[in-house]
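One structure below.
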Amino acid sequence: MQEAARQSGRTANEIRLIAISKYMPTDYVLAAMSAGQHCFGENTVQEALSKQDLIDNPDNEWHFVGHLQSNKAKMIAGNFDWLHTLDSLRLASRLSENAINAAQTLDVLLQVNIADDPDKFGLPASAVPRFIDDILDAGLAGIRLRGLMTIGQRDATPDERRADFSALRELRDACMARFELPRFSELSMGMSGDFEAAISEGATMIRVGSALFGPRPAPNPASSDN
Ligand SMILES: *Cc1c(COP(=O)(O)O)cnc(C)c1O
């Protein structure tokens, strides 16, 4: 991270490292915590809650990075600080309602399908301004729009990936110029295989799993609750 940041004239402390601990045992999370890591990401509610039960450290910051159906929205407030995968108005309004009930303001990122990959969730880039308009019109006090998130295409070349990251940054800049959203500054992009490129294109959050924890075991199908 330091090297990638330095090469693009940035510093690593402006980039949040989110350790993606999905499918890894709780011991791995505890080991990362002893090494000073406090930001963790999970992609199913159930797995995150079972780890949080064993850990219970108020200094930890939990990020939800999985796809979420709106009927699971009630599990987010009170259990996560950030959600990276907002992609529908219905989900936004449920998240907000539940966050208000939990006396929380949830930080959210809009997931963008920046390369229009038919296999990926997320809003097409062209739909993002209208989506933000709709959210602002709905006056959802329980959520705070903080920026954009994308997942790199699996088979993209390094150049294509970089172009996607750059397009996400430009989209964020356009949104910041168009809307009164001073805190809409975050860019969650880059994983184990491409975080350096993401950092050079302006990532403020990288989501790294296997490069930190080693290869993941296969997911347990019974635990995929969202
Ligand atoms: C699993 C996952 C990651 C981490 O992937 P690695 O390649 O292991 O770093 C990042 N983001 C999301 C949304 C994920 O589901």
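These values consider heavy atoms only, across backbone and side chains, with no hydrogens, waters or symmetry-generated copies. What you see is a predicted model, and the numbers here were worked out from it, not measured in a lab.
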| request: Spell out, yes or no, whether L145 and V128 are grouped together once hydrophobic residues are joined by side-chain heavy atoms under 4.5 Å, including indirect joins. | output: yes

| said: Do M205 and W82 make a side-chain contact, defined as non-hydrogen atoms from C-beta onward lying under 4.5 Å apart? | reply: yes

| query | Does any N or O in the side chain of T150 come within less than 3.5 Å of the main-chain N or O of V112, such that one atom is a donor and the other an acceptor? | reply | yes

| Regarding E14 and T204, is there a side-chain donor-to-acceptor distance under 3.5 Å anywhere? | no

| request: Over all heavy atoms of both residues, which pair between A73 and L91 is shortest? Give the atoms and the distance, please. | output: CB-CD1, 3.8 Å

| Got I20 and F213 here, is their nearest side-chain heavy-atom distance under 4.5 Å? | no

| How far does CG of L168 sit from CD1 of I114, to the nearest 0.5 angstrom? | 5.0 Å

| Gap separating the NE2 atom of H84 from the CG atom of N43, nearest 0.5 angstrom | 12.0 Å

| Euclidean distance, D81 CG relative to Q104 CD, rounded to 0.5 Å | 6.5 Å

| Any side-chain heavy-atom pair from V29 and L54 closer than 4.5 angstrom? | no

| query | Between E201 and D194, is a side chain to side chain contact (heavy atoms under 4.5 Å, CB included) present by the stated rule, with each step listed? | reply | CA-CA 11 Å; E201 294 299 337; D194 55 13; over 6 Å; no

| For S192 against G209, the heavy-atom pair lying closest together | OG-N, 3.6 Å

| said: Tell me the closest heavy-atom pair linking A198 and M189, and the distance in Å. | reply: CB-O, 3.1 Å

| Minimum-distance pair of heavy atoms, taken over all atoms of I132 and F184 | CD1-CZ, 3.8 Å

| field | L68 with L123, same ILVMFWY side-chain cluster at under 4.5 Å | value | yes

| query | Going from CD on Q52 to CG on N79, what distance comes out if it is rounded to the nearest 0.5 angstrom? | reply | 5.5 Å

| Side-chain donor or acceptor of R161 paired with backbone N/O of Q153 under 3.5 Å | yes

| field | Centroid separation W62 to F80 less than 6.0 Å | value | no

| request: Please answer whether the main-chain N or O of C39 pairs with a side-chain N or O of E61 as donor and acceptor at a distance below 3.5 Å. | output: no

| task | Examine distances only and state if a side-chain atom of K72 and a backbone atom of T44 form a donor-acceptor pair shorter than 3.5 Å. | result | no

| field | Any donor-acceptor N/O pair, R172 side chain to L148 backbone, under 3.5 Å | value | no

| Is there a path of hydrophobic side-chain contacts, each under 4.5 Å between heavy atoms of I, L, V, M, F, W or Y residues, that connects L136 with L109? | no

| request: Determine whether more than 12 heavy atoms belonging to other residues, nucleotides or ligands lie under 6.0 Å from atom CZ of F121. | output: no

| note | Closest non-hydrogen atoms of G122 and D87, given as atom of the first, atom of the second and distance, are N-OD2, 4.0 Å

| Got a salt bridge between E97 and R94, using NZ or NE/NH1/NH2 to carboxylate O under 4.0 Å? | no

| Does atom CD of Q2 have more than 12 heavy-atom neighbours from other groups under 6.0 Å away? | no

| query | Is it true that a side-chain atom of K51 and a backbone atom of S21 form a donor plus acceptor pair closer than 3.5 Å? | reply | yes

| field | Test side chain to side chain contact (heavy atoms under 4.5 Å, CB included) applied to R207 and H63, step by step | value | CA-CA 10 Å; R207 308 178 309 268; H63 293 246; over 6 Å; no

| field | Cluster overlap I15 with L212, hydrophobic side-chain contacts below 4.5 Å | value | yes

| field | Residues, nucleotides or ligands: over 12 heavy atoms within 6.0 Å of E3 CD | value | yes

| said: Hydrophobic clusters here meaning ILVMFWY residues chained together by side-chain heavy-atom distances under 4.5 Å, can you tell me if I18 and M24 are in one? | reply: no

| message | Given 3.5 Å as the limit, does a donor-acceptor pair link the side chain of R10 with the main chain of A203, or not? | response | yes

| field | Approximate separation, where rounding is to 0.5 Å, of T157 OG1 and D159 CG | value | 5.0 Å

| message | Show, in sequence, the C-alpha distance, side-chain angles and deciding distance for D117 and I151, and conclude whether the side chain to side chain contact (heavy atoms under 4.5 Å, CB included) test is met. | response | CA-CA 10 Å; D117 178 342; I151 301 177; over 6 Å; no

| query | So, does Q37 use its side chain to make a donor-acceptor pair with the main chain of L17 at under 3.5 Å? | reply | yes

| query | Roughly how far apart are L110 CG and S88 OG, rounded to 0.5 Å? | reply | 11.0 Å

| request: Work out which heavy atom in T11 is nearest to a heavy atom in A5; give both atom names and the distance. | output: C-CB, 3.7 Å

